[in-house]
Amino acid sequence: MASESDDIASGIIAKWSARFSKLDADALAALYSRSAFFFGSNPKLYRGRDGVKAYFSGLPRWDAPRVQFSEVRTERVNVDLVNMAGVASFFLDGDAPSLAVKITWVIVREDGDWKIVCHHVSSQTPLI
């Protein structure tokens, strides 16, 4: 049975996935907190909604990008904070995943809505 934290994360995952498929930088940035930290697929730290928008605006314009989340786990930290971890598989050209990464989000209630305040992806390949 899904928990409330699962439902919160699932809602954001659904919105995030739909907006990613259109590479809509403004709509994606709206899912993030005004004080977000964002580590994506490059080494730069992006901050706030403007930083998130800049990251997504700088991505290549693939024909039909999509993402699939798996192995998602959530934990309610308190009434206004949820941790989420999982695997994000990005399909950029064709049906084979072009990139699969570990992903973590910290989701916070901000102005009555749930927003991503921390986004981090990392390689699934062991570094050590």
Side-chain angles (χ1 to χ4, degrees):
M1 185 172 184
S3 68
E4 187 178 7
S5 60
D6 292 337
D7 293 341
I8 292 163
S10 292
I12 292 182
I13 286 170
K15 291 175 190 173
W16 199 96
S17 299
R19 295 171 189 193
F20 179 80
S21 71
K22 296 176 180 155
L23 289 176
D24 186 336
D26 287 316
L28 281 159
L31 295 173
Y32 288 80
S33 166
R34 61 185 162 273
S35 44
F37 278 10
F38 184 104
F39 270 125
S41 58
N42 66 46
K44 181 178 177 181
L45 172 64
Y46 294 85
R47 297 184 70 167
R49 289 187 188 122
D50 288 340
V52 172
K53 180 180 174 182
Y55 172 83
F56 286 111
S57 294
L59 290 178
R61 300 291 109 180
W62 300 289
D63 288 335
R66 63 186 177 89
V67 62
Q68 180 178 347
F69 286 78
S70 61
E71 301 177 43
V72 174
R73 303 291 182 269
T74 67
E75 186 69 36
R76 190 75 176 254
V77 177
N78 62 44
V79 296
D80 294 320
L81 198 66
V82 173
N83 266 332
M84 191 275 307
V87 173
S89 298
F90 293 89
F91 301 83
L92 307 173
D93 293 311
D95 289 335
S98 299
L99 176 66
V101 295
K102 296 183 291 184
I103 187 166
T104 58
W105 286 343
V106 177
I107 303 166
V108 65
R109 191 186 330 248
E110 181 176 277
D111 301 327
D113 200 7
W114 292 101
K115 301 290 183 181
I116 303 165
V117 71
C118 188
H119 171 123
H120 187 270
V121 299
S122 59
S123 170
Q124 287 188 295
T125 305
L127 300 176
I128 298 176

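Follow the hydrophobic side-chain contacts under 4.5 Å out from L92 and you never reach V87; the two are in separate clusters. Linking Ile, Leu, Val, Met, Phe, Trp and Tyr whenever their side-chain heavy atoms come within less than 4.5 Å leaves V108 and I116 in two separate clusters. Residues V101 and V106 fall into different hydrophobic clusters, defined by Ile, Leu, Val, Met, Phe, Trp and Tyr side chains chained together at heavy-atom separations under 4.5 Å. In the hydrophobic cluster analysis, where Ile, Leu, Val, Met, Phe, Trp and Tyr join through side-chain heavy atoms closer than 4.5 angstrom, L28 is grouped together with Y55. Both I8 and I13 are assigned to one and the same hydrophobic cluster, defined by single-linkage of ILVMFWY side chains at heavy-atom distances under 4.5 Å.
You'll find the side chain of H119 reaches within 4.5 Å of the side chain of V121, heavy atoms only. Under the 4.5 Å side-chain criterion, counting only non-hydrogen atoms from C-beta, F37 is in contact with R47.
For the pair R49 and Y32, the cation-pi criterion (under 6.0 Å, within 45° of the ring axis) is not fulfilled.
Considering CD of Q124 and CD1 of I103, their distance stands at 11.5 Å, rounded to 0.5 Å. Between atom CD of residue Q68 and atom OG of residue S89 there is a gap of 6.0 Å, rounded to the nearest 0.5 Å. Taking CZ of F39 as the start and NZ of K44 as the end, the distance is 11.0 Å to the nearest 0.5 Å. One finds the OG1 atom of T104 at 14.5 Å from the CZ atom of R73 (value rounded to the nearest 0.5 Å). Atoms CH2 and SG, from W105 and C118 in turn, are 12.0 Å apart once rounded to the nearest 0.5 Å. If you take CD1 on I107 and OG on S5, they are separated by 9.0 Å, rounding to the nearest 0.5 Å.
Evaluation of the side-chain hydrogen bond (donor to acceptor under 3.5 Å, both in side chains) test over residues 18-31, restricted to residues two or more places apart or in two chains, returns D26-K53.
Annotation: ring-ring contact (aromatic ring centres under 6.0 Å, His included) contacts of F20 (sequence neighbours excluded): W16, F90. Legend: residues meeting salt bridge (charged side-chain N to carboxylate O under 4.0 Å, His left out) with R109, ordered by chain and number and at least two apart, are D80.
Under the 6.0 Å cut-off for aromatic ring centres, F56 and Y46 do not qualify, their centroids lying 6.0 Å or more apart.
For the side chain to side chain contact (heavy atoms under 4.5 Å, CB included) with K115, the lone residue among V117, D111, D113 that qualifies is D113.
Heavy-atom contacts from other residues, nucleotides or ligands closer than 6.0 Å to CG of D63 number 12 or fewer. Other residues, nucleotides and ligands place no more than 12 heavy atoms under 6.0 Å from the CD atom of E4.
The closest donor-acceptor contact from the side chain of R61 to the backbone of L23 lies under 3.5 Å.
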